[in-house]
Amino acid sequence: MDRAKPSRWHTGGRTRRWFGMTLGISSLTSALIVGTVNAPAVAEPETPVSYPSGASATRTSGLGFDTCTAPSRSALRAWRQSPYSTVNVYIGGINRACRQPELSRSWVRDVTAMGWDLLPTYVGRQPYCVNARGMSTFTKSDAYRLGRTNAQHAIGKAEELGMARGSALYADIEHYDRSDRDCATAVRRYVSAWTSTLHANGYLAGVYLHHASGLQDLSTSYGSAHYARPDAIWLARWDRDTSLRGWPNTADSKWSVHQRAKQYRGEHKTTNGGVTLNIDSNSIDAPVATVARRYRVTSSVSLNARTGPGTSYGATGGHAPGSTLSVICQARGAKAGSTSVWDLLADGTWVSDGYVSTPSNTGFSRALPRCKWPGQVSSTGPLNARSGPGTSHARSGSPLPSGSLAWIVCQKRGTRIDGTSVWNKLADGRWVTDHYVSTRSATSWSSPIPRCP
């Protein structure tokens, strides 16, 4: 229920209205993996993401902006000529500041179709030493429980809005007094529970942090066996520097592979296409929401849906000519007709892109992301990447730092390393052994990642 007289609070320099929200879980549209609520989720920092079929991670780079209230479709249509390509949306949370009259499943579908990437943020409980008044908080004793509960609620909100598994959801942690060490421990516990709960349900975990508090504490516990490590960080530091490197209070080797965003400028009015919005500005190279895009079947006969990207995979049914498909992403598979591109659908099945009304019927379509299933690097030191799936292949490029994301596109057998012969092909074409990547299986294939063609 909304407060009759909403309090006001300060978030990184912006004053916003606060409307309390009930935190019920009944809105979840699918079963969640809950687990224990009183102890650390796992005794390792790199918890694997349990991607279901129909899941894929999406990442973006460039400039983005956030507003307290999601802009209208017409405003975002006008802003397509701006330098921004990503818009933040506040999907829920007891401390969410503004009502969201525009934000809906159809809004998400429509603005994604325009070409916008979405950065979903959940403004849940805050640390009890937060530098603001009137906010609902967590303590050292209830941080695990509330971090898990908030993650469950965020998943329900993401599902309601049509954000698929594999999306990154960001917990908003406002600036707090880190001289209170119990409070700093509470933040680590909350973020750990947030992360492990999202991972167990097929989502990536991000966190919005202040450079002088949350970033410093999470960076200190980056390799701790007591806390699950988030996949991405979104830094608040209003110095107007868009760089995603050289940050204070953390090393460049931490959250280093498409895992960073920065809110580099606070509230200001900007006009694009004749429409003025009050925004914060962001620089982004990080995972964001995955949203299905709709296309039609162009074949004259029923189009087979298969369990993987190739005709060697079993058929599970068909789609009638002219019917609508919800496409999550595209991947390379066995050649079928004029193309080797296959489309992953929201129901977890695959169809050949040659018979779908995507912009290209011979190659990848720019409007659609490539399918990716990232896992965190679990080696104690940097992990060598190679030009092929085995140690006989030359080392390629810079090694992946511990804790970074290995952006996997497919798996293939190669040199056996400590119990597994599975190698991961990365989005940049390089290869790493699966032994040192936190995927669903440590010894064999990890569903739903497809085999490399």
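Environment of CZ in R80: crowded, with over 12 heavy atoms of neighbouring residues, nucleotides or ligands closer than 6.0 Å.
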List the steps, then state whether side chain to side chain donor-acceptor pair (under 3.5 Å) holds for D353 with T339. CA-CA 7 Å; D353 186 62; T339 186; 5.2 Å; no
Assess the residue pair K262 and D239 against the criterion (salt bridge (Lys or Arg N to Asp or Glu O under 4.0 Å)); give the C-alpha distance rounded to whole Å, side-chain angles, the decisive distance to 0.1 Å, and a yes or no. CA-CA 10 Å; K262 180 182 179 182; D239 57 3; 2.9 Å; yes
Decide yes or no on side chain to side chain donor-acceptor pair (under 3.5 Å) for D241 and S243, but give the supporting numbers first. CA-CA 6 Å; D241 182 356; S243 177; 4.7 Å; no
Evaluate the criterion side-chain contact (heavy atoms from CB on, under 4.5 Å) for residue pair W407 and L426; output intermediate values, then yes/no. CA-CA 5 Å; W407 291 85; L426 306 180; 5.6 Å; no
Using the side chain to side chain donor-acceptor pair (under 3.5 Å) rule, take Q126 and N95 through it: C-alpha gap first, then chi angles, then the decisive distance, then the call. CA-CA 8 Å; Q126 297 296 313; N95 287 308; 6.0 Å; no
List the steps and the verdict of side-chain contact (heavy atoms from CB on, under 4.5 Å) for Y51 and I449. CA-CA 9 Å; Y51 298 107; I449 305 171; 5.7 Å; no
Using the rule given for side chain to side chain donor-acceptor pair (under 3.5 Å), can you reason through R148 versus T197, listing the C-alpha separation, both sets of side-chain angles and the distance that settles it, and then say yes or no? CA-CA 6 Å; R148 194 175 302 277; T197 304; 3.1 Å; yes
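Residues F65 and W116 bring their aromatic ring centres within 6.0 Å. Aromatic ring centres of H153 and Y122 lie closer together than 6.0 Å.
Looking only at atom types and distance, the side chain of S219 has a donor-acceptor partner in the side chain of T250 under 3.5 Å away. For the residue pair Q81/N272, the side-chain donor-acceptor check at 3.5 Å is not satisfied. Side chains of S221 and R188: a donor on one and an acceptor on the other come within 3.5 Å. S299 and H319 share no side-chain donor-acceptor pair at under 3.5 Å.
A distance-only check finds no donor-acceptor pair linking the side chain of W373 to the backbone of P448 [under 3.5 Å]. A donor-acceptor contact shorter than 3.5 Å is absent between the side chain of W342 and the backbone of G308.
Taking 4.5 Å as the limit, every side-chain heavy atom of W445 sits out of range of all side-chain heavy atoms of D434. A 4.5 Å side-chain heavy-atom check between V377 and E46 finds every atom pair outside the cut-off.
Of all heavy-atom pairs between R306 and T311, the closest is NH1-O, 3.4 Å. Contact record, N282 with D66: ND2-OD1, 2.7 Å, taken as the closest heavy-atom pair. The two atoms that bring G202 and P52 nearest to each other are CA-CD, 4.1 Å, heavy atoms only. When all heavy atoms are compared, the tightest approach of V351 to A305 is CG1-CA, 4.0 Å.
A cation-pi contact links R229 to Y222, judged by a cut-off of 6.0 Å to the six-membered ring centre and 45° from its axis. The cationic group of R260 lies under 6.0 Å from the six-membered ring centre of W247 and within 45° of the ring axis, placing it in a cation-pi geometry.
Screening R73, R105, R77 for a salt bridge (Lys or Arg N to Asp or Glu O under 4.0 Å) with D110, the sole residue that qualifies is R73.
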